[in-house]
K.L.:
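Quick one: the structure is below, questions incoming.
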Amino acid sequence: MDWIVGARRLGLSVTALFMLCAGQLVLAAEVLGVACQTPPPMHCADGDCAAKTAMPGNVTEPESGRQYFLDYPCDLQPGEDLVFVLNIHGAGSIGNWQRHYFPAMDHKEEYRLVVATPTAEGSASMGSGDGVRVWAPQTDDAYLQAITRQVIDAFGQDNIRAFWLAGHSQGGMTSRRLVCTGFFADKVDGMLSLSGGRIGQAPFVDNFGPPLADGSPPPSRPRGNAEETLPGCDFSHIFAIGEYEIESLPDTSPWAERYQCEARTHSQVVDTRPGWVYDSARAGYPVWGREVAPGTADVYEYPACANNRVVADVVRLDKGHTEGLEPEVTRRILQLMVSAGGGKLQTSAQ
């Protein structure tokens, strides 16, 4: 019964379930009290996202008592290599909305993903209105670290082949703030920014932001003139953005230059199905986002980077800030993520 010993090393529940499937014994794991489900729990179907996205999670982080969502392969095998994604929402959002905005959970078996999706507890004023939920150092940094430790302990440090921070909007900015900090720098192998800023800036349009109450564009934002400081640690970087959010995408990348990548290549991804979620209360202003719909994305990849790093940009055509990612563009981003070099956690475990 070597697989039982392996299961315990992986952190699987002693009460794991077993199923006879196509004549073979398949382990249906229960990790951190979560019995795996496909489709994942609290997953939207047509027309019911509003009722489900407010759910806080299916795992409790014990230090804070706060919940988050954990999704992982239902055919998880003891000792297999996994890619861990910490999926971080934007300002004013919530974990289960982010889980559907960037639905890595839909591809967890295909790409051997462990996805943790939490909800922020910080608050900040955005203009003249009341405070909105944001990721704040004093309320959330220790929580994100505790989730990271809990997931690594549950699945085994030497089983985490790569660890990615993925964040939308303010969640992407938070990922950038955290990636080279003492806790994360020796753990994180990649950073995915979903409309949360590019290394080698792609400036937002002047009238970026949610529309006014009458649906008209917001006032122009003041331009920042500060020179960008590049991160000082080592990781892959993917930037994804809606076409209407930025003035233009630069045709070079300082991050690609750092890793001596070759000249960028271009391809397209076509989706015939829409994403899951959008900002239904403020849909209509193209920069902010409209209802979800099928789409096409331009993918610009800088190949042959040193250290097997991946540097890429994804521009979703005819999209704004809040339309959830469609299935095929999600799959393409995940392909890039899992193709990148990793191993920080596995190396430090040795």
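Along the sequence shown, residues carry numbers from 1.
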K.L.:
Identify every side-chain donor-acceptor pair in residues 83-91 under 3.5 Å, counting partners at least two apart or on other chains, and give the distances.
P.N.:
| from | atom 1 | to | atom 2 | distance (Å) |
| --- | --- | --- | --- | --- |
| Asn87 | OD1 | Gln98 | NE2 | 2.7 |
| Asn87 | ND2 | Phe102 | O | 3.4 |
| His89 | NE2 | Ala120 | N | 2.9 |

K.L.:
Can you name the residues that form a side chain to side chain contact (heavy atoms under 4.5 Å, CB included) with Asp214, not counting sequence neighbours?
P.N.:
Leu212, Ser216
K.L.:
Under the rule for ring pair (Phe, Tyr, Trp, His ring centres under 6.0 Å), what residues qualify as partners of Trp164, not counting sequence neighbours?
P.N.:
none
K.L.:
Tell me, please, which residues at least two apart from Thr252 pass side chain to side chain contact (heavy atoms under 4.5 Å, CB included).
P.N.:
Glu257
K.L.:
Can you name the residues that form a side chain to side chain contact (heavy atoms under 4.5 Å, CB included) with Ala136, not counting sequence neighbours?
P.N.:
Gln138, Thr139, Asp140
K.L.:
Applying disulfide (SG to SG under 2.5 Å) as the test, list every pair that has at least one member in residues 247-299; sequence neighbours left out.
P.N.:
Cys261-Cys305
K.L.:
Quick one: list whatever passes ring pair (Phe, Tyr, Trp, His ring centres under 6.0 Å) with His107, sequence neighbours left out.
P.N.:
none
K.L.:
Side-chain atoms of residues 235-244: list all donor-acceptor pairs with protein atoms under 3.5 Å, sequence neighbours left out, distances to 0.1 Å.
P.N.:
| from | atom 1 | to | atom 2 | distance (Å) |
| --- | --- | --- | --- | --- |
| Ser236 | OG | Val310 | N | 2.9 |
| His237 | ND1 | Met191 | O | 3.3 |
| His237 | NE2 | Ile199 | N | 3.2 |
| Glu243 | OE1 | Asp318 | N | 2.7 |
| Tyr244 | OH | Asp318 | OD1 | 2.5 |

K.L.:
Under the 4.5 Å side-chain heavy-atom rule for ILVMFWY, direct or indirect, which residues accompany Met42?
P.N.:
Met55, Phe69
K.L.:
What residue pairs, at least two apart or across chains, pass ring pair (Phe, Tyr, Trp, His ring centres under 6.0 Å) with a residue in residues 294-314?
P.N.:
His266-Tyr300
K.L.:
Report the residues that fulfil ring pair (Phe, Tyr, Trp, His ring centres under 6.0 Å) with Tyr143, sequence neighbours left out, ordered by chain and then residue number.
P.N.:
none
K.L.:
Could you tabulate the donor-acceptor pairs under 3.5 Å formed by side-chain atoms of residues 178-190, not counting sequence neighbours?
P.N.:
| from | atom 1 | to | atom 2 | distance (Å) |
| --- | --- | --- | --- | --- |
| Thr181 | OG1 | Leu178 | O | 2.6 |
| Lys187 | NZ | Phe183 | O | 2.7 |
| Asp189 | OD1 | Lys344 | N | 3.3 |
| Asp189 | OD2 | Phe163 | N | 2.9 |

